[in-house]
Amino acid sequence: MHRKDFIKQFGYLIAVLPASSALLSSCAGLYYASFVEEGRVLRISKGEFQQVKGGKQIERDFVVIQSDSMRYPIGIFKTQNSNYLASLMQCTHRGCELNIGGGIFNCPCHGSEFDRSGRVLEGPAEENLESFEITTDYENIYVHVR
Ligand code: FES
């Protein structure tokens, strides 16, 4: 195959691959949990926080849920004393969708950071994230959305 033919045939793939891998790596750490929507309550099994890695059962620090009825996902962190914190992943600066990394919410647009409970750690955002009441029972976590 001639160089020119090769570029014609695979040039598109070469152009698309770096963009695809960047997209995948930015989403690689987010686990989207299954849940059931019961009116204004989202029910998530506590089992969604467990995973098997290298043959061992370990706990996830957080999961993300995305409801069709909400424009942004909700990030749910599990605390050390087995409580849960839920915040809307919408930056309060100009509304970009947040990422989660290093145990905090961070904004890809202008760099704002929020702690696990949604409080501002770093601007330019000045307001805390919208957070939701959480109740639990033996098996489930209930996120009360408004
Ligand atoms: S939109 Fe998040 S820091 Fe500006």
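Here the structure is a predicted model, which means the values were calculated and not measured. Read the numbers this way: they start at 1 and go in the same order the structure lists the ligands and their atoms.
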Legend entry - Pair Gln57-Gln50, side-chain hydrogen bond (donor to acceptor under 3.5 Å, both in side chains): steps then yes or no: CA-CA 7 Å; Gln57 180 120 356; Gln50 295 169 353; 3.0 Å; yes

Inset, instruction - Carefully, step by step, assess Glu38 and Tyr142 under the rule side-chain hydrogen bond (donor to acceptor under 3.5 Å, both in side chains). - result: CA-CA 10 Å; Glu38 298 166 336; Tyr142 303 89; over 6 Å; no

Inset, instruction - Please indicate how many protein N/O/S atoms are found closer than 2.8 Å to atom 2 (Fe) of ligand 1, with waters neither displayed nor included. - result: 2

Inset, instruction - Please indicate whether Asn81 has more than 12 foreign heavy atoms, meaning atoms of other residues, nucleotides or ligands, lying under 6.0 Å from its CG. - result: yes

Legend entry - Neighbour count >12 (heavy atoms, 6.0 Å) for atom CD, Glu127: no

Inset, instruction - Could you tell me how the ring of Phe77 sits relative to the ring of Phe62: parallel (under 30°), tilted (30 to 60°) or perpendicular (over 60°)? - result: tilted

Inset, instruction - Go through Cys109 and Cys96 one step at a time and tell me if the disulfide bond (SG atoms under 2.5 Å apart) criterion holds. - result: CA-CA 7 Å; Cys109 294; Cys96 288; 1.9 Å; yes

